[in-house]
Amino acid sequence: MPDATLPIRRTPAKGVRVSLAGPNWVFLTVCTEDRQRWLVQASVHRALHNIWLHTATAWLVSDYVLMPDHLHLFCAPYNLKFTIERWIAFWKDQVAKNCPDVGKFQYGGFHHRLRNGENYSQKWQYVRENPVRAGLMAKPEDWPYQGRVHEISWHEPVT
């Protein structure tokens with residue numbers, strides 16, 4: 001039973017506490033508005049990859065998987081002048097401008113900073129098996145809507 005003295009959080013916590021002394025990997029999930037199924041299109045995939053590679057670079061995206069109504073990615077801060085929320089809003093806006101005939105994203109996203117001892121490779125394996133669990137593909141490596149934008153080490157520079 002929840003402790004009645006503690007506040008109940010109904011929305012995700014804002015911000016990511018960045019440590020200048022350690023790793024700053026963030027696992028992010030973003031859903032489409034009303035869970036509409038429009039993300040798995042080649043044009044959207046190309047647009048997102050290019051936006052994360054060339055335009056929305058305040059946070060660097062590493063591995064990602066697009067599902068019909070949500071996406072998962074791993075990212076790390078590159079420019080501390082931009083909060084993760086501001087960065088998410090920026091690339092969503094860029095998608096809307098580059099792909100005006102597709103749906104919209106829901107507000108914000110759900111993020112979790114990987115802490116010491118959390119295993120990136122285990123989380124990545126779980127994420128990349130999403131299309132298999134959803135019955136969309138027999139093998140994770142055959143899913144065409146996934147990729148890696150940047151190679152990010154555990155000690156990526158933070159400016």
Side-chain angles (χ1 to χ4, degrees), residues 9-18 24-114 118 120-153 156-159:
R9 184 170 53 174
R10 300 198 189 287
T11 59
K14 299 292 183 220
V16 171
R17 187 177 300 249
V18 174
N24 289 291
W25 282 95
V26 174
F27 173 59
L28 175 65
T29 300
V30 174
C31 298
T32 60
E33 188 175 70
D34 300 324
R35 299 301 291 252
Q36 294 175 2
R37 300 170 64 86
W38 57 265
L39 271 176
V40 289
Q41 300 179 53
S43 61
V44 174
H45 185 198
R46 274 191 310 275
L48 277 166
H49 189 96
N50 287 330
I51 289 164
W52 292 329
L53 180 63
H54 299 293
T55 310
T57 56
W59 286 69
L60 300 180
V61 174
S62 180
D63 298 314
Y64 65 89
V65 170
L66 306 182
M67 294 295 290
D69 62 355
H70 68 281
L71 63 84
H72 298 289
L73 63 83
F74 293 89
C75 61
Y78 188 73
N79 183 337
L80 293 180
K81 295 176 189 166
F82 299 94
T83 65
I84 195 166
E85 289 83 13
R86 188 171 168 198
W87 172 73
I88 293 167
F90 176 75
W91 63 254
K92 286 179 181 179
D93 182 62
Q94 293 297 302
V95 170
K97 290 175 181 173
N98 282 273
C99 302
D101 297 329
V102 300
K104 296 179 182 179
F105 287 102
Q106 77 176 25
Y107 176 78
F110 298 91
H111 52 75
H112 170 73
R113 182 172 164 244
L114 300 184
E118 288 188 87
Y120 172 89
S121 61
Q122 286 178 333
K123 288 197 180 303
W124 170 238
Q125 187 62 33
Y126 177 81
V127 167
R128 69 187 296 261
E129 289 175 358
N130 264 334
V132 175
R133 284 191 302 278
L136 300 170
M137 196 63 46
K139 296 185 295 188
E141 58 270 19
D142 292 339
W143 185 242
Y145 304 104
Q146 64 179 320
R148 174 176 288 164
V149 181
H150 298 279
E151 287 285 336
I152 305 173
S153 72
E156 192 69 30
V158 176
T159 58

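Using a 4.5 Å heavy-atom cutoff, the side chains of I88 and F105 are not in contact. Between W91 and L48 there is a side-chain heavy-atom pair separated by less than 4.5 Å.
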message: I'd like to know whether L39 forms a side chain to side chain contact (heavy atoms under 4.5 Å, CB included) with Y145, so could you lay out the CA-CA distance, the side-chain angles of the two residues, the decisive distance to 0.1 Å, and finally the verdict.
response: CA-CA 9 Å; L39 271 176; Y145 304 104; over 6 Å; no
task: Starting from the C-alpha separation in whole Å, work towards a yes-or-no answer on side chain to side chain contact (heavy atoms under 4.5 Å, CB included) for E85 and H111.
output: CA-CA 10 Å; E85 289 83 13; H111 52 75; 3.1 Å; yes
message: I'd like to know whether R128 forms a side chain to side chain contact (heavy atoms under 4.5 Å, CB included) with E141, so could you lay out the CA-CA distance, the side-chain angles of the two residues, the decisive distance to 0.1 Å, and finally the verdict.
response: CA-CA 8 Å; R128 69 187 296 261; E141 58 270 19; 3.7 Å; yes
- request: Would you check, one step at a time, whether the test ring pair (Phe, Tyr, Trp, His ring centres under 6.0 Å) holds for Y78 with W87?
  value: CA-CA 11 Å; Y78 188 73; W87 172 73; over 10 Å; no
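Remark: W124 engages no residue in a ring pair (Phe, Tyr, Trp, His ring centres under 6.0 Å) (not counting sequence neighbours).
In this structure, CD in E33 is found 13.5 Å from OH in Y107, a value given to the nearest 0.5 Å. Between N79 atom CG and W59 atom CH2 the span is 10.5 Å, to the nearest 0.5 Å. Within the model, atoms SG of C75 and CD1 of I84 stand 4.0 Å from one another, a figure rounded to the nearest 0.5 Å. With rounding to the nearest 0.5 angstrom, the CD atom of Q122 is 11.5 Å from the CG atom of L114. Separation of atoms CG (N98) and CG (D93) is listed at 9.5 Å; rounding is to 0.5 Å.
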Which side-chain N or O atoms in residues 63-74 pair as donor and acceptor under 3.5 Å with protein atoms at least two apart or in another chain?
| from | atom 1 | to | atom 2 | distance (Å) |
| --- | --- | --- | --- | --- |
| D63 | OD1 | R148 | NE | 2.7 |
| D63 | OD1 | R148 | NH2 | 3.1 |
| D63 | OD2 | Y120 | OH | 2.3 |
| D63 | OD2 | R148 | NH2 | 3.1 |
| Y64 | OH | H45 | NE2 | 2.7 |
| Y64 | OH | H49 | ND1 | 2.9 |
| D69 | OD2 | R35 | NE | 3.1 |
| D69 | OD2 | R35 | NH2 | 3.4 |
| H70 | ND1 | R35 | NH2 | 3.4 |
| H70 | NE2 | H72 | NE2 | 3.2 |
| H72 | ND1 | T29 | OG1 | 2.8 |
| H72 | NE2 | N130 | ND2 | 3.0 |

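Remark: the backbone N or O of Q106 is paired with a side-chain donor or acceptor of K92 at under 3.5 angstrom.
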